[in-house]
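The chain is numbered in sequence order, starting from 1. When a ligand or atom number is given, it counts from 1 through the structure's own listing order.
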Amino acid sequence: MTRTVYVNGDYLPETEAKVSIFDRGFLMADGVYEVTSVLGGKLIDFDGHAVRLSRSLNELDMKNPISKEDLLEVHRELVRLNEIDEGLVYLQITRGSDGDRDFVFPADDTEPTIVLFTQNKPGLADSPAAKKGAKVISIEDIRWGRRDIKTVQLLYPSMGKMMAKKAGCDDAWMVEDGFVTEGTSNNAYIVKGNRIITRHLGNEILHGITRAAVLRFAREAQMEVEERSFTIEEAQAADEAFTTSASAFVMPVVEIDGVSLGDGTPGRVALRLREIYLDEMRKAAV
Ligand code: PDD
């Protein structure tokens with residue numbers, strides 16, 4: 001089945017979709033994105049992603065080319081056309097193109113480019129990776145200072161994943177001034193007893209939509225939540241660790257820089273939070 005994608009108002013076969021070579025997303029990484037998961041053919045936390053998208057666009061003085069209602073409709077239509085039961089919807093909005101390359105932003109009447117496509121991922125919820133847990137390495141965080149804006153500048157996170165892969169691991173946790181910021185494409189957590197520790201919000205990390213939901217569920221389940229920085233050494237000595245993201249939900253971490261956590265298998269708290277997250281979010285899916 002040829003994938004149907006959405007480009008600037010049209011639903012097209014992926015082979016026919018076109019964006020200008022002068023698009024500022026392509027030339028300057030001048031664009032923002034969202035990834036929304038699909039379970040049982042329905043969107044998980046669509047509202048959260050739509051709100052963060054507006055914020056990212058505002059922070060970059062970029063026009064929003066689509067209303068929230070229409071955006072939901074496009075998401076649903078793509079899920080339907082591509083028969084997605086479990087998977088992801090990728091959305092990207094760039095500042096568009098005024099037909100040349102220039103550091104100066106294009107004229108105000110330049111239309112943004114909007115692209116959406118689906119990724120079919122059968123078994124996303126019942127993932128074997130979550131049963132095994134992830135091994136992570138630490139790397140220095142050398143990204144720009146506005147990581148709270150979900151831009152498409154993903155070169156360093158990609159390089160981080162490759163460094164992890166080369167080391168025989170699954171992912172990398174980034175460290176700045178001695179403290180963990182986040183994973184290459186997820187937020188990072190450690191667990192000590194009944195307490196979950198994750199970095200406080202700020203410009204240094206992406207304000208994860210999954211993070212917000214998981215912390216809410218953790219508090220409702222009478223777990224303690226502490227939003228503060230932690231080091232790799234503190235993480236290695238913790239009872240458990242995990243990450244959260246729209247693409248992997250709650251993912252247990254079983255090893256950090258070669259040091260096994262606990263007995264080296266996914267922790268009780270991480271698995272419990274994964275189960276609660278999936279149950280609750282399925283109920284609220286749209
Ligand atoms: N990444 N931190 C970073 C750097 C991320 O790229 C992501 C998400 C998160 C988690 O955010 P959320 O819970 O809203 O997905 C944290 C997406 C999934 C991606 O790039 O594919």
Side-chain angles (χ1 to χ4, degrees), residues 25 29 31-39 43-56 59 75 86-93 115-121 124-125 127 129-130 134 136 138-164 170-176 179-189 196 198-218 227 229 241-251 253 270 273-274 276-278 280-281 284-285:
V32 301
Y33 77 108
E34 284 296 330
V35 176
T36 304
S37 53
V38 178
L39 291 176
L43 300 157
I44 301 298
D45 219 337
F46 174 81
D47 263 5
H49 291 284
V51 168
R52 186 173 62 191
L53 173 68
S54 291
R55 179 179 181 275
S56 293
E59 292 296 311
H75 274 73
E86 293 199 351
L88 305 169
V89 181
Y90 177 86
L91 150 73
Q92 178 168 325
I93 297 176
V115 167
L116 285 93
F117 58 82
T118 53
Q119 293 182 283
N120 193 25
K121 305 241 178 224
L124 187 65
S127 137
V136 304
S138 63
I139 60 173
E140 199 190 334
D141 196 341
I142 58 166
R143 296 173 300 162
W144 80 322
R146 289 302 307 275
R147 303 158 195 158
D148 56 308
I149 308 174
K150 198 164 173 61
T151 74
V152 297
Q153 305 174 58
L154 297 178
L155 179 56
Y156 188 64
S158 284
M159 290 168 72
K161 284 259 201 252
M162 292 312 292
M163 290 183 236
D170 306 292
D171 202 1
W173 278 12
M174 294 179 279
V175 176
E176 185 172 58
F179 293 98
V180 174
T181 51
E182 58 188 335
T184 58
S185 60
N186 44 58
N187 291 116
Y189 306 72
I196 293 160
T198 192
R199 193 177 175 110
H200 48 281
L201 296 179
N203 294 345
E204 303 78 23
I205 63 167
L206 185 73
H207 302 188
I209 301 306
T210 320
R211 177 188 185 278
V214 165
L215 292 186
R216 189 173 75 242
F217 296 139
E227 295 180 67
S229 306
F242 62 91
T243 60
T244 63
S245 67
S247 51
F249 312 121
V250 178
M251 175 63 63
V253 167
L273 283 173
R274 182 180 174 90
I276 298 174
Y277 178 83
L278 287 171
E280 293 299 322
M281 297 316 275

Please check this pair: side chain of Glu86 against backbone of Ala125, looking for a donor-acceptor N/O pair closer than 3.5 Å. yes
Once you measure the plane-to-plane angle for Tyr277 and Phe249, does it fall in the parallel (<30°), tilted (30-60°) or perpendicular (>60°) bin? tilted
Just the distances, no angles: every ligand 1 N or O to protein N or O pair closer than 3.5 Å, one line each.
residue: ligand 1; atom: 1 (N); partner: Lys150; partner atom: NZ; Å: 3.3
residue: ligand 1; atom: 1 (N); partner: Ser185; partner atom: O; Å: 3.4
residue: ligand 1; atom: 2 (N); partner: Glu182; partner atom: OE1; Å: 2.7
residue: ligand 1; atom: 13 (O); partner: Ile209; partner atom: N; Å: 3.4
residue: ligand 1; atom: 13 (O); partner: Thr210; partner atom: N; Å: 3.0
residue: ligand 1; atom: 13 (O); partner: Thr210; partner atom: OG1; Å: 2.6
residue: ligand 1; atom: 14 (O); partner: Arg52; partner atom: NH1; Å: 2.8
residue: ligand 1; atom: 14 (O); partner: Arg52; partner atom: NH2; Å: 2.9
residue: ligand 1; atom: 14 (O); partner: Ile209; partner atom: N; Å: 2.8
residue: ligand 1; atom: 15 (O); partner: Ala246; partner atom: N; Å: 2.8
residue: ligand 1; atom: 20 (O); partner: Tyr33; partner atom: OH; Å: 2.6

Does the distance from a Lys or Arg side-chain N to an Asp or Glu carboxylate O, for Glu182 and Arg211, drop under 4.0 Å? no
Whether the side chain of Ser138 engages the backbone of Trp173 through a donor-acceptor N/O pair (distance < 3.5 Å, no angle test) should be reported. no
Results of side chain to side chain contact (heavy atoms under 4.5 Å, CB included) for Ala129 - residues two or more places apart only: Ser127, Met251
Is any side-chain N of the basic residue among Glu34 and Lys150 closer than 4.0 Å to the acidic one's carboxylate O? no
